[in-house]
Amino acid sequence: MFNKIKRYFKILQVFHKYKLHNILLKEYKQKQESVDLCTCPIDFERKSNSVKLRTAFEELGPTFIKLGQAMSKRPDIIPIEYGKELEKLQEMVQPYDFERMQPALSMGFYPGSKETGIYSNFIDIFDQFNTEPIASASIAQVYEAVLNGENVVVKIARPGMMDVINLDLDILYDLKFIFLKLLKIKTQIDIDGFLEEFKIMLNRELDYRNEALNMERFRENFKNVKQVQIPKVYWELTSDNILVMEHIYGVPLRDFRTFSLDKRKRIAKLISSSFLRMVYIDGYFHADPHPGNIFVMKDGGIAYLDFGAVGKLDSEIKKEMYSIFYGVYIKDVDLAARSFLKLAKKSPDDIDIHAFKWDVDELITRQHYGKGERHSDDFVKLALKYDLSLPRTFSLLERALVLIESTSLDLDPEYNIMSDVRTLSKEIARSKYSPARLVEDFQMEWDNIYDLMKNVPTGINDIFESVKMFKEASVVKQENAIENRRLIISILHNLFITVLLIASIILLVLGQKEPGLETIGLVGFAISIILAAIRILRKI
C-alpha cells in the first residue's frame with residue numbers, strides 16, 4: 001500500500017509538472033465541440049503539448065513508455081499529432097550494474113555442467129560472458145557471450161520489473177475511474193478494452209518464452225528467403241526472464257547514412273517487400289520494425305530483431321486488406337472503397353458514399369504520385385473522417401507500415417510502396433494456387449466433399465450408372481457396329497459430365513476460402529447439371 005501511495009505522488013507530481021491534466025481536459029473539450037480539424041495555431045499548440053506528454057511518459061518509466069507507444073498506434077484514442085510524437089519514445093536508459101541484475105539470473109533455468117552437474121553461477125555456463133551490456137532498455141538489458149564456441153546474445157529482464165508494471169497498471173485503472181466517473185468525462189472510446197489489450201501486450205513482452213516462440217515462427221516463414229535473417233533461439237537456456245539467441249552482426253539501420261545510394265535503394269526495397277510478405281502472405285508481422293530493430297548484413301541482406309510485439313491477421317481481414325491494397329495499386333476506386341467499407345463492416349448506405357469515393361480517389365492519387373511523402377496513415381485518417389470502426393489489428397499494422405514507409409523513404413527519397421505490389425501479387429498467387437497447396441486443401445476438405453457427393457440429386461445417379469455400363473459394355477461383343485459406337489460415345493459423354501461434376505464440387509468446397517475458385521466451381525456445377533438434364537430428357 002505504501003508503494004502505491006508513493007507511486008501516486010510521483011505520477012501526480014509529473015502530471016502537475018507538465019500540466020497534463022490541463023492538456024487532457026482541453027483536448028476533451030475540443031473533441032466535444034468537434035473542432036478537431038481546425039487552425040494552425042491549435043496545431044502548433046498540440047505539437048508543443050505532445051512533446052510535454054512524451055517527456056512526461058519518459059520520466060515516469062517503463063509502463064508509461066509502453067503506454068505511450070501503444071497509444072501512438074491508436075489515432076481513435078489520441079489526435080494524430082500526439083501519436084506521431086509518442087512514436088519517438090525511447091527506452092535507452094542508464095544500465096544497471098551486473099550485480100544488480102543477479103536476482104534475475106537466479107530465476108532462470110539452466111542445466112548442470114558435464115563435470116559436476118552443478119553450476120555455481122549462470123554465467124559459468126558460457127565460454128565467455130561480457131558483463132558490460134551492449135544495450136539497455138527500461139525493461140531489459142542485453143549482453144554478449146560465447147556458448148560452445150558460438151557467439152550469442154543474452155537478453156535479461158530487469159529484476160522486479162513485473163511488480164513495478166503491475167503497480168502502474170493498477171494506478172491506471174484508478175485514474176480511468178477518476179476521469180470517467182468523478183470528472184464525468186464522457187467518451188465513446190473503449191477505455192477498458194484498450195487497457196486490457198495493453199495489459200496483455202505487456203505480459204507477452206515480459207515473457208521471453210513468448211518472444212522466442214515468435215522468433216521461431218518468423219524463422220519458419222522466412223526459411224526460403226536468403227536475404228532475410230531471423231536469430232536462432234537457444235531453448236535450453238531460455239526462460240520466462242532470460243532469452244539466449246544467435247548473435248547477429250550487422251549495421252543498425254539507423255546508421256544508413258554510411259551506405260551508398262544504390263545500396264540504400266536495394267535495402268529499402270528488401271525491407272518493404274519482406275514486410276509486405278509478412279502481412280499479406282503470412283498474416284503474421286513484426287509490430288515494431290523501427291530502424292533499431294533492423295540490421296543490414298555484409299551480404300546486403302537484412303535481419304529483424306526484437307520480437308516481443310507481433311501482429312496477427314485472420315484470413316478474412318488479410319483478404320480484405322489486400323483487396324484495398326490491390327484496388328489502390330490498379331487505381332480502382334470502387335474496389336478500394338468497397339473493400340475498405342467491408343473491412344469496417346459498414347454499409348455504403350450509412351455514409352455519403354459519393355464523398356467517400358472522392359476521398360478514396362484522392363488517396364489513390366497521393367499513393368501513386370506523391371513521391372517522397374508518407375502515406376500509410378491515410379487510411380486511418382479516412383476512417384476517422386467517416387467514423388469507421390476498423391479492427392484493432394489494423395491500428396497495429398498501420399503503425400508498423402508507417403515505420404516501414406518512413407524508414408524506406410529515409411533510405412530512398414523516391415521510394416513508393418506501390419512499386420512492390422506487382423511482385424507481391426505474383427507471390428500471393430503462387431502461394432494460394434500452388435499444386436501442393438491445392439492438394440493440401442483438398443485433403444483437409446475431403447470429408448465435406450464426401451458429404452456433398454452423397455447429397456448429389458438422385459436424377460444425376462443415371463450418370464454414375466452409365467459409367468458402370470462401361471465395364472459391362474467392354475466385355476459384351478456387339479454385333480451392331482453403329483450401335484456400339486453410339487454406346488461408347490454416350491459413355492464418354494457421361495464420364496465427362498461426371499468428371500466435370502466432381503471437379504466442380506471440389507472447387508466449390510475449396511472456394512469457401514478462395515472466392516475465385518468458388519465462382520469457377522459454381523459455373524462448372526451448373527454446366528454439369530444442364531448437360532445431365534439433357535441426357536436424362538433424351539432417354540425419356
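Counting begins at 1 with the first residue of the sequence. The analysis underlying the following values was restricted to heavy atoms, covering all of them including side chains, and did not include hydrogens, waters or symmetry mates.
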Closest contact, heavy atoms only, I351 versus K346: CG2-CE, 3.9 Å
Whether F126 and F122 hold their rings parallel, tilted or perpendicular, with breakpoints at 30° and 60°: perpendicular
Examine the side chains of R266 and S260 and answer whether a donor and an acceptor come within less than 3.5 Å of each other. no
Heavy-atom pair of closest approach, residues F222 and R277: CE2-CD, 3.6 Å
Any residue meeting salt bridge (Lys or Arg N to Asp or Glu O under 4.0 Å) with K342, in chain and number order, not counting sequence neighbours: E320
Counting N and O atoms only, with roles assigned by atom type, does the side chain of D170 sit under 3.5 Å from a partner on the main chain of N166, one being a donor and the other an acceptor? no
Can you find a side-chain donor-acceptor pair between Y304 and S274 that sits under 3.5 Å? yes
Should the ring pair F307 and H286 be called parallel, tilted or perpendicular, given that the plane angle runs from 0 to 90° and is split at 30 and 60? tilted
Would you mind listing every salt bridge (charged side-chain N to carboxylate O under 4.0 Å, His left out) that reaches into residues 304-314, with sequence neighbours excluded? K155-D306
Salt bridge (charged side-chain N to carboxylate O under 4.0 Å, His left out) partners of residues 134-150, not counting sequence neighbours, each pair once: E150-K232
Just to verify, what does K298 make a side chain to side chain donor-acceptor pair (under 3.5 Å) with, not counting sequence neighbours? none
Quick check: closest heavy atoms across T238 and Y208, and the distance to 0.1 Å? CG2-O, 4.3 Å
The side chain to side chain donor-acceptor pair (under 3.5 Å) partners of K265 (sequence neighbours excluded) come to D412
State, with a plain yes or no, whether a side-chain heavy atom of K10 is found less than 4.5 Å away from one of E59. yes
Within 45° cone and under 6.0 Å: R264 NZ/CZ vs Y415 ring: no
Proximity of F340 and Y386 rings by center, below 6.0 Å: no
Please check this pair: side chain of D168 against backbone of F64, looking for a donor-acceptor N/O pair closer than 3.5 Å. no
Sequence neighbours left out, what passes side chain to side chain donor-acceptor pair (under 3.5 Å) with E216? Give chain and number order. W235
Contact summary for A400 and F275, nearest pair of heavy atoms: CB-CZ, 3.5 Å
Shortest non-hydrogen contact from P231 toward I248: CG-CG1, 3.7 Å
Taking all non-hydrogen atoms of both residues, which atom of I139 and which atom of P62 are closest, and how far apart? CG1-CB, 4.0 Å
Does any N or O in the side chain of R100 come within less than 3.5 Å of the main-chain N or O of P159, such that one atom is a donor and the other an acceptor? no
